[in-house]
Amino acid sequence: MIEDTMTLLSLLGRIMRYFLLRPETLFLLCISLALWSYFFHTDEVKTIVKSSQNAVKMMKGKVVEIIQNDRFGGLDVLEAEFSKTWEYKTNNVAVYSIQGRRDHMEDRFEALTDLVNKTHPSIFGIFDGHGGESAAEYAKLHLPEALKQHLQEYEKDKENSVFSHQTILEQQILAIDRKLLDKLSAAYDEAGTTCLVALLSDKELTVANVGDSRGVLCDKDGNAVPLSHDHKPYQLKERKRIKRAGGFISFNGSWRVQGILAMSRSLGDYPLKNLNVVISDPDILSFDLDKLQPQFMILASDGLWDAFSNEEAVRFIKERLDEPHFGAKSIVLQSFYRGCPDNITVMVVKFRNSSKTEDQ
């Protein structure tokens with residue numbers, strides 16, 4: 001009998017702990033008591049409830065204020081962010097670039113065209129800096145001009161030349177990296193940059209890539225054709241090369257070389273270059289324009305590709321080619337709205353066989 005009583009008490013104790021002492025149950029009891037007291041005109045409780053209502057209203061006001069002034073939203077902040085913009089427009093090229101949520105703008109871009117005399121192919125470049133803007137700025141100022149000079153020499157006598165667009169791109173990118181390393185290492189400047197460069201002639205498109213800026217083309221059928229492939233540390237080829245050099249990769253939000261750099265190839269980054277774990281060798285691809293009959297191409301820093309896939313970006317731009325910036329501004333702002341934390345730079349180049357494009 002005593003054992004049965006103890007068992008019953010133990011059971012009741014468990015029920016009380018499980019039901020009555022749960023935070024949800026205590027909260028409901030407090031609310032019920034407050035409501036019951038309120039309806040019976042208990043002045044003290046009415047005062048408490050009224051104060052709580054005022055507190056809720058004040059909190060709502062604070063939340064609205066926070067939202068309006070938050071770094072990731074609010075009209076004032078958006079206006080401030082979008083005031084830090086850069087844009088460029090010609091008859092067939094448009095660029096839109098924003099600093100976005102970063103403290104500094106490290107993206108750079110360049111477009112060199114000679115559509116009248118055609119002394120050289122059009123040159124388009126995207127340079128996404130990291131660790132400072134100095135590497136991207138240097139590449140933007142010097143690489144397109146060096147390419148222009150060598151391409152003009154090539155065009156004068158290309159039938160007898162031993163060079164090609166591919167060899168010129170490779171040689172000049174590697175040469176610029178050597179000069180950049182000398183300059184930055186002397187100043188103990190550890191900055192680096194991606195390098196995405198496209199050469200456009202009448203029948204051929206040649207694209208060189210170092211790092212994780214990316215290009216994609218829309219062909220005549222509206223399909224997305226990759227113009228480059230990102231250089232990421234987790235890729236098997238890159239991982240093996242880094243390991244052979246005595247380096248390692250580790251995960252810190254993303255896979256990084258030596259736990260530092262989120263790409264496996266770049267210009268600059270002299271401390272990692274000294275270890276031979278990061279290289280500047282470009283991947284170069286060529287495309288037959290007569291075969292593809294492209295409508296446009298997109299060259300962009302990885303801020304865009306954090307928010308859009310290749311296919312989604314092509315569809316987005318295709319629907320907005322009639323806009324003043326050929327959709328570049330719209331897709332940059334959309335990437336920002338989707339929460340991209342990076343600088344965002346997008347270049348859209350329309351091809352002359354597009355029905356909506358002016359002659360190059």
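- Placement of F287 and L196 within a single hydrophobic cluster is found when ILVMFWY residues are connected by side-chain heavy-atom separations under 4.5 Å, directly or transitively.
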| request: Please step through side chain to side chain contact (heavy atoms under 4.5 Å, CB included) for the pair L275 and Q258, ending with a clear verdict. | output: CA-CA 10 Å; L275 297 174; Q258 306 297 96; 4.0 Å; yes
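- No donor-acceptor pair closer than 3.5 Å links the side chain of R315 to the backbone N or O of N310.
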| said: salt bridge (Lys or Arg N to Asp or Glu O under 4.0 Å) for R265 and E238? Distances and angles first, verdict last. | reply: CA-CA 9 Å; R265 303 190 191 189; E238 299 296 285; 2.9 Å; yes
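- The number of heavy atoms from other shown groups lying within 6.0 Å of CZ (F163) does not exceed 12.
- Within the 3.5 Å criterion, the main-chain N or O of L143 finds no donor-acceptor partner in the side chain of Q172.
- How far CD of E311 is from SG of C218: 11.0 Å, rounded to the nearest 0.5 Å.
- A cation-pi arrangement, defined by a distance under 6.0 Å to the six-membered ring centre and an angle within 45 degrees of its axis, is present between K350 and F326.
- To the nearest 0.5 angstrom, D306 atom CG is 8.0 Å from D212 atom CG.
- For the residue pair D128 / S301, no side-chain donor-acceptor distance below 3.5 Å is found, with atom types taken as modelled.
- Side-chain atoms of Q99 come within 3.5 Å of backbone N or O of D103 as a donor-acceptor pair.
- Seen from the ring of F336, R101 counts as a face-on cation partner, given the 6.0 Å and 45° thresholds.
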| query | Which is it for Y154 and H165 under the ring pair (Phe, Tyr, Trp, His ring centres under 6.0 Å) test, yes or no, and what are the steps along the way? | reply | CA-CA 9 Å; Y154 167 78; H165 288 175; 5.4 Å; yes
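- How far CG of L299 is from CZ of F124: 8.0 Å, rounded to the nearest 0.5 Å.
- Contacts of E204 classified as salt bridge (charged side-chain N to carboxylate O under 4.0 Å, His left out), with partners at least two apart in sequence or in another chain: none.
- Taking a 6.0 Å sphere around OH of Y188, one finds it holds 12 or fewer heavy atoms contributed by other residues, nucleotides or ligands.
- Environment of NZ in K89: crowded, with over 12 heavy atoms of neighbouring residues, nucleotides or ligands closer than 6.0 Å.
- For K232 (side chain) and S264 (main-chain N/O), no donor-acceptor pair under 3.5 Å exists by modelled atom type.
- Between K183 and D189 there is no salt bridge, since no side-chain nitrogen of the basic residue lies less than 4.0 Å from a carboxylate oxygen of the acidic one.
- Every residue two or more places apart in sequence or in another chain that forms a salt bridge (charged side-chain N to carboxylate O under 4.0 Å, His left out) with D230 is listed here: R214.
- Here the rule is ring-ring contact (aromatic ring centres under 6.0 Å, His included) with H325, and of W86, Y96, Y88 only Y96 fits it.
- Taking the centre of each ring, F308 and F316 come in below the 6.0 Å mark.
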